[in-house]
Amino acid sequence: MERPIEEESAWLGRPVWADIDLDALEHNVRELKRQACGALLMAIVKANAYGHGATGIARAALAAGADRLGVVCVDEGEELRRAGITAPILVMGHTPVSQAERAVALDLTTTVGSHHFAEAVAQRAIERGVTIRVHLKVETGLNRYGLPPEQLLPLAESMRHLPGLDVEGLWTHFATGDEPDKGYVQRQFRAFTAVADQLPWIRLRHVANTATVLDMPELSLDMVRVGIGLYGCYPSEDVDRGTLLRPVMSLKSRVARLRRLDPGESVSYGCTWTAARPSVVALLMCGYGDGLRRTLSNKGSVLVRGRRAPIVGRIAMDMCVADATDIPYVALDDEVVIIGRQRDDEISAEEVARLSDTISYETLTGITARVPRVYRRGGRITAVQTLVEAPAEESATAGLESRPTNL
Ligand SMILES: *Cc1c(COP(=O)(O)O)cnc(C)c1O
């Protein structure tokens, strides 16, 4: 159903929401693609596009120049296919044999881990009269899901002439790409090359994630698999920041209630914060059920009227409280920025991650489904995804065949 989205109307009244800046996403796709020396760019949209909303991000990334999409499981691939996305999708995780049929029906490129799985895919492909692309992952030192050379080489050769299969890709994944010492990456890369050299007929080699694109773009090979960089975060403190990335997500809320507290009064479960002076506290309807980690209790801050208001007391499942005593003119319904920029200050996902003892990946991915995603381009809302509405169509989807999802 085509429905024009009036500015704000579709999501107004939601107590917490995530603004998704598609201009920033487009900028990041272009910058990363340029940095990757002409390699194809696979936009990694696993885990709901790191919390940004898989279908909205996939469409925008493809429109901005991404060549392919990467996910981890068949369900994630199906979500994209149901949204009408026809671009090649690589399933990077282990796919059980029982899922081979679905993977083929959805035209997903799987990463083959066994001869049994390869045969299952080939057979389904033949039944359907199609040829299915598959990739192989070389074990080079991460020790999770790759195949060691002595297993991979014979498997690759046995798959090479199997009808129904197109053994298109060979890849590996680095364990320490975001660390300053590149010794282990170099060792993994040499191990990969030793295998790749014996399989010259496999045409798509890929090893680089965001950290590698930023620090070692010479390892971009035929394709790069970028995730966190698309979303505007650097993988770690150590990677090169010469490529300017712009944060895509801002997490926002509004002041739901203001209370005056006398000295000695405390806030939230456990009474872990007590007013030391006459205080004004602001209630925000955002808690760990929305992805605001409880470990930020009494540690993090939010921005109100361009100033920092400390989060006080325990973060609950559905709400938290900020000390707004030092915010002049604070008022009900004031916009509150939990992650993102407001006036001259910014609370980055990295800062929130550091304070809650994790990494930006987990902070972003942890934003839960009940937080509406509000997609903006040129400041205008182009789509909204909530628990009850799928993202509506964008007009320009760069030739993608797309139709609204109606799950
Ligand atoms: C998640 C993932 C990526 C993307 O990593 P970033 O650090 O987010 O760029 C690349 N490759 C594989 C195999 C992954 O699982």
Side-chain angles (χ1 to χ4, degrees), residues 25 28-29 31-33 35-36 39-52 54 57-58 61 66-77 80 88-95 108-113 134-147 169-179 182 184-185 188-189 192 204-217 219-241 243 245-249 349-350 353 358-367:
L25 180 79
N28 298 337
V29 169
E31 287 301 297
L32 289 162
K33 196 153 178 172
Q35 170 78 2
L40 296 176
L41 186 142
M42 173 174 281
I44 304 301
V45 295
K46 62 188 177 186
N48 199 27
Y50 293 42
H52 293 64
I57 292 294
D67 301 283
R68 294 173 175 229
L69 300 169
V71 298
V72 161
C73 59
V74 172
D75 276 7
E76 290 179 327
L80 299 172
I89 298 172
L90 174 65
V91 177
M92 300 184 295
H94 164 77
T95 306
L108 302 178
T109 304
T110 44
T111 301
V112 173
V134 292
H135 287 207
L136 285 161
K137 181 178 183 192
V138 190
E139 178 52 66
T140 59
L142 194 58
N143 286 311
R144 297 194 309 191
Y145 175 54
L147 292 172
L170 188 70
W171 63 281
T172 196
H173 194 41
F174 295 137
T176 60
D178 61 352
E179 293 177 16
K182 303 300 183 197
Y184 199 79
V185 173
Q188 284 194 267
F189 185 64
F192 176 78
L204 207 58
R205 291 135 198 260
H206 49 105
V207 299
N209 61 359
T210 302
T212 305
V213 172
L214 296 177
D215 276 359
M216 307 172 84
L219 302 193
S220 296
L221 306 187
D222 303 308
M223 182 165 76
V224 297
R225 305 184 305 264
V226 290
I228 197 74
L230 290 180
Y231 308 107
C233 292
Y234 295 89
S236 74
E237 289 287 307
D238 299 313
V239 298
D240 186 87
R241 303 209 168 207
T243 304
L245 301 174
R246 287 168 47 190
V248 172
M249 185 197 289
E350 285 99 327
T358 182
I359 54 176
S360 60
Y361 294 70
E362 192 181 3
T363 300
L364 294 173
T365 306
I367 307 300

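Order of appearance sets the numbers: ligands from 1, and atoms from 1 within every ligand. Just so you know, residue 1 is the first one in the sequence shown, and it goes up from there.
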Visitor: Can Thr172 and Thr140 be counted as having a side-chain donor-acceptor contact under 3.5 angstrom?
Guide: yes
Visitor: Quick one: nearest non-hydrogen protein atom to atom 14 (C) of ligand 1, plus distance?
Guide: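 Looking at atom 14 (C) of ligand 1, the protein heavy atom closest to it is Lys46 NZ, 3.0 Å.
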Visitor: When you look at Lys137 and Leu142, which way does the side chain to side chain contact (heavy atoms under 4.5 Å, CB included) test go after all the steps?
Guide: CA-CA 11 Å; Lys137 181 178 183 192; Leu142 194 58; 4.3 Å; yes
Visitor: Under 3.5 Å between any N/O of Gly227 and any N/O of ligand 1: does that happen in this structure?
Guide: yes
Visitor: Please identify which atoms of ligand 1 are closer than 4.0 Å to at least one heavy atom of Trp171.
Guide: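 Once the distances to Trp171 are compared, the set is 13 (C).
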Visitor: Can you tell me which portion of Arg225 lies within the under-4.0 Å heavy-atom range of ligand 1? Options are side chain, backbone, both, or neither.
Guide: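 Looking at Arg225 and ligand 1, atoms from backbone and side chain both fall under 4.0 Å.
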Visitor: Under a 4.5 Å cut-off applied to non-hydrogen side-chain atoms, are Thr212 and Val224 in contact?
Guide: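 No, side chains not in contact.
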Visitor: What I'd like to find out is whether the side chain of Leu245 reaches to under 4.5 Å of the side chain of Leu32, using heavy atoms alone.
Guide: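 They are in contact (side-chain heavy atoms under 4.5 Å apart), so the answer is yes.
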Visitor: For the CZ atom on Arg144, are there more than 12 heavy atoms of other groups (residues, nucleotides or ligands in this structure) within a distance under 6.0 Å?
Guide: no
Visitor: Under 6.0 Å from the ring centre and within 45 degrees of the ring axis: does the NZ or CZ of Arg205 meet both conditions for the six-membered ring of Phe192?
Guide: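 No, Arg205 does not sit over the ring of Phe192.
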Visitor: Could you tell me which atoms of ligand 1, counted from 1 in the order shown, lie closer than 4.0 angstrom to a heavy atom of Tyr50?
Guide: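 That gives atoms 1 (C), 4 (C), 5 (O), 6 (P), 8 (O) of ligand 1.
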Visitor: Nearest to atom 12 (C) of ligand 1, what protein heavy atom do you find, and at what distance?
Guide: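 Looking at atom 12 (C) of ligand 1, the protein heavy atom closest to it is His173 CE1, 3.4 Å.
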Visitor: Please report the interatomic distance CD(Glu362) to CD1(Ile367), rounded to the nearest 0.5 Å.
Guide: 11.0 Å
Visitor: For atom 9 (O) of ligand 1, find the nearest protein heavy atom and state the residue, atom name and distance (0.1 Å precision).
Guide: Thr210 OG1, 2.5 Å
Visitor: Can you find an N/O atom of Ala211 closer than 3.5 Å to an N/O atom of ligand 1?
Guide: no
Visitor: Atom 7 (O) of ligand 1: which protein heavy atom is closest, and how many Å away?
Guide: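 Among all protein heavy atoms, the one nearest atom 7 (O) of ligand 1 is Tyr361 OH, 2.6 Å.
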